[in-house]
Amino acid sequence: MNTKLTRLEIYWILYDVGNSAFVLLVATILPIYFNYLAGSAGISEVDYLAYWGYAASVATVAVALIGPVLGSIADTQNYKKPLFTACMMVGVIGCAALSVPTSWIIFLAVFVIAKIGFNASLIFYDSMLTDITTDDRLDAVSSAGYAWGYIGSCVPFVVSLVFVLLYDTIGITFQQAMTIAFFLNAAWWLLVTLPLLKNYKQTHFAASGSSDSSLGHSLVKSSFSRLGRTFAEIYHQKNIFYYLLAFFFFIDGVYTVIDMATAYGSALGLDTTGLLLALLVTQIVAFPFALLFGRLSRQFRTDQLIRFCIGAYTLIALFAIQMDKQWEFWLLAVCVGMFQGAIQALSRSYFAKIIPAEKSGEYFGIYDICGKGASFMGTFLVGVVAQLTGIANAGVSILAVMFVIGFLLFGKAAKLNRPDAQKM
């Protein structure tokens, strides 16, 4: 197999580089700024953690509801790119607009809108994978996307960090530093996406089921019809059904860790600068390890590698329960970096292998329900348990349970996939 990336594969990977800047912003600087706004309004640390979790949950539930329908519409010829562009722009504009609110609740509302745009864009982006590469390259290209996304996102993050941490020295206010960070990350996201927008062409698509050139109602109606048939197909295709159930649980834990790491560390009273630098280390560590797991997929079955990653995340969640020191957060950051990109990339490529390419939009819309859409459960439960017990650590314990359930269900899915003569 030729290991050199094609130009279109590189353009596709660049979107990971762009949107990952927003992911890193959300995981690091954004919760700290929200903490600043909430603290100024007299919100307690436990409530701050809970409200941040609730906002992340609202965004993911919204995409879970609209994602499958949008994905189904995107499977109509020439519709994937416009829908992708619209959702991406909602995310980019929302990211820049985060600089406007001075009220914590309005800030959360803008954050929810930006996150909806970001999450929805990934439905179309992930489903593009079958259009931009071949089956034998899915693992490697998907892994490269996450790898370069992690390291590329460090560029705007490091520049933003200079302004956020040294705003006094530079001679600007904290709010001005945050404005620069928001606009810088939004501009980065947009600029690195332009090559994909210019060069991507949808090669796999389903028949619209209507000859009406105006589409409109006919397109939406046929999309709902296709979606209904796809749900029925998935229920009878047990290999896909069990995989999605497993994915729901184990990726829920992964995304909860990503969404709430800084908020969790802040609630424990850990040093802000240390938290940001530790999470920068996560990005740097994730780069080589995502590429490493992409290479390992040539020697080991993808299902074996995914199970290994789920097991590692279970141990990470157990370790996080007792965490109360800065060095422990650093250790946690390194361990998460080792497996974060790998489990996301391999899960995406594994799914792309077992679904029909011409229905990738609607299948990945359903995948998103079980992925980012499902992460509302983790963020919500962490928030609820933290508030009920008054102990931030207690909420993390639920993640270990999710990983164990995901591990067991994935084992069932892997057994069902293997007899299909597909080399995973």
Side-chain angles (χ1 to χ4, degrees), residues 11 13-37 52 55-56 59 85 87-102 104 106-119 121-122 125 145-198 258-259 261-263 266 272-284 286-287:
Y11 295 155
I13 287 168
L14 278 174
Y15 185 68
D16 242 322
V17 174
N19 74 65
S20 292
F22 178 72
V23 175
L24 186 54
L25 189 75
V26 170
T28 55
I29 296 175
L30 219 59
I32 291 169
Y33 187 53
F34 173 64
N35 192 22
Y36 165 79
L37 294 177
W52 184 253
T85 304
C87 292
M88 179 271 297
M89 288 305 300
V90 169
V92 168
I93 295 170
C95 180
L98 285 166
S99 60
V100 178
T102 55
W104 68 270
I106 297 175
F107 179 86
L108 274 188
V110 176
F111 165 66
V112 167
I113 293 170
K115 203 163 191 296
I116 287 173
F118 161 74
N119 283 346
S121 75
L122 293 184
Y125 173 66
Y146 275 105
W148 287 105
Y150 282 124
I151 201 69
S153 65
C154 292
V155 176
F157 175 71
V158 168
V159 178
S160 299
L161 212 56
V162 171
F163 288 99
V164 172
L165 296 180
L166 303 176
Y167 65 90
D168 256 343
T169 306
I170 297 171
I172 59 177
T173 66
F174 181 54
Q175 289 91 336
Q176 288 172 330
M178 292 303 304
T179 297
I180 293 170
F182 293 142
F183 273 93
L184 177 65
N185 282 271
W188 173 270
W189 186 357
L190 177 61
L191 288 175
V192 298
T193 306
L194 294 178
L196 180 63
L197 294 180
K198 183 179 179 181
I258 294 171
D259 283 343
T262 304
S266 296
T272 296
T273 303
L275 293 179
L276 292 176
L277 293 176
L279 289 166
L280 176 60
V281 168
T282 297
Q283 303 297 109
I284 296 171
F287 171 64

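- For the pair Leu30/Leu98, a side-chain contact is recorded, criterion being any heavy-atom separation below 4.5 Å from C-beta on.
- Shown here for Cys95 and Ala114, the closest heavy-atom pair between the two residues is N-CB, 3.9 Å.
- For the ring pair (Phe, Tyr, Trp, His ring centres under 6.0 Å) test, residues two or more places apart in sequence or in another chain that qualify with Phe22 are Phe118, Trp189.
- Residues passing the side-chain contact (heavy atoms from CB on, under 4.5 Å) test with Leu191 are Leu194, sequence neighbours excluded.
- For the pair Ile29/Phe157, a side-chain contact is recorded, criterion being any heavy-atom separation below 4.5 Å from C-beta on.
- Residues Leu280 and Val158 meet the side-chain proximity criterion, which asks for heavy atoms closer than 4.5 Å.
- Residues passing the side chain to side chain donor-acceptor pair (under 3.5 Å) test with Ser121, sequence neighbours excluded: Tyr15.
- Closest heavy-atom contact between Pro101 and Ile106: CB-CG2, 3.7 Å.
- No side-chain heavy atom of Ile93 sits under 4.5 Å from any side-chain heavy atom of Ile113.
- Residues in residues 171-180 take part in no salt bridge (charged side-chain N to carboxylate O under 4.0 Å, His left out) pair, two or more places apart or across chains.
- Every residue was checked against the side chain to side chain donor-acceptor pair (under 3.5 Å) condition with Trp188, not counting sequence neighbours, and none meets it.
- When the side chain to side chain donor-acceptor pair (under 3.5 Å) test is applied to Ser160, the partners found at least two apart in sequence or on another chain are Asn185.
- Under the ring pair (Phe, Tyr, Trp, His ring centres under 6.0 Å) criterion, Phe183 pairs with no residue, sequence neighbours left out.
- Residues passing the side chain to side chain donor-acceptor pair (under 3.5 Å) test with Thr282: none are found, sequence neighbours excluded.
- Listed by chain and number, the residues in a ring pair (Phe, Tyr, Trp, His ring centres under 6.0 Å) with Tyr11 amount to none (sequence neighbours excluded).
- Here the two rings, on Tyr33 and Phe107, have centers that are under 6.0 Å apart.
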Exercise for the section: Could you give me the CA-CA distance, side-chain angles and deciding distance for Val90 and Ile116, then say whether side-chain contact (heavy atoms from CB on, under 4.5 Å) is met? Expected result: CA-CA 8 Å; Val90 169; Ile116 287 173; 5.8 Å; no
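- Of all heavy-atom pairs spanning Ile13 and Tyr125, the tightest one is CA-OH, 4.0 Å.
- Residue pairs meeting the salt bridge (charged side-chain N to carboxylate O under 4.0 Å, His left out) criterion with at least one partner in residues 15-26, sequence neighbours excluded, are Asp16-Arg348.
- Rounding to the nearest 0.5 angstrom, the gap separating the OG atom in Ser20 from the OH atom in Tyr146 is 8.0 Å.
- In plain terms, the two heavy atoms of Ala55 and Leu108 that are nearest each other are CB-CD2, 3.6 Å.
- Closest heavy-atom contact between Val110 and Gly94: CG1-O, 3.7 Å.
- The neighbour count for Trp104 CH2, taken as heavy atoms of other residues, nucleotides or ligands under 6.0 Å away, is above 12.
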Problem - Step-by-step side-chain contact (heavy atoms from CB on, under 4.5 Å) determination, Leu184 to Val159 - result: CA-CA 9 Å; Leu184 177 65; Val159 178; 3.5 Å; yes
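- In terms of the ring pair (Phe, Tyr, Trp, His ring centres under 6.0 Å) criterion, Phe163 has no residue partners (sequence neighbours excluded).
- In this structure, the side chain of Ser153 engages the main chain of Tyr150 through a donor-acceptor pair within 3.5 Å.
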May I have the list of side-chain donor-acceptor pairs in residues 173-181 shorter than 3.5 Å, sequence neighbours left out?
unit_1, atom_1, unit_2, atom_2, d
Thr173, OG1, Gln176, N, 3.1
Thr173, OG1, Gln176, OE1, 3.4
Gln175, NE2, Tyr36, OH, 2.8
Gln176, OE1, Thr173, N, 2.9
Thr179, OG1, Gln175, O, 3.0

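- Taking the side chain as every heavy atom from C-beta outward, Leu14 and Leu196 never approach each other to under 4.5 Å.
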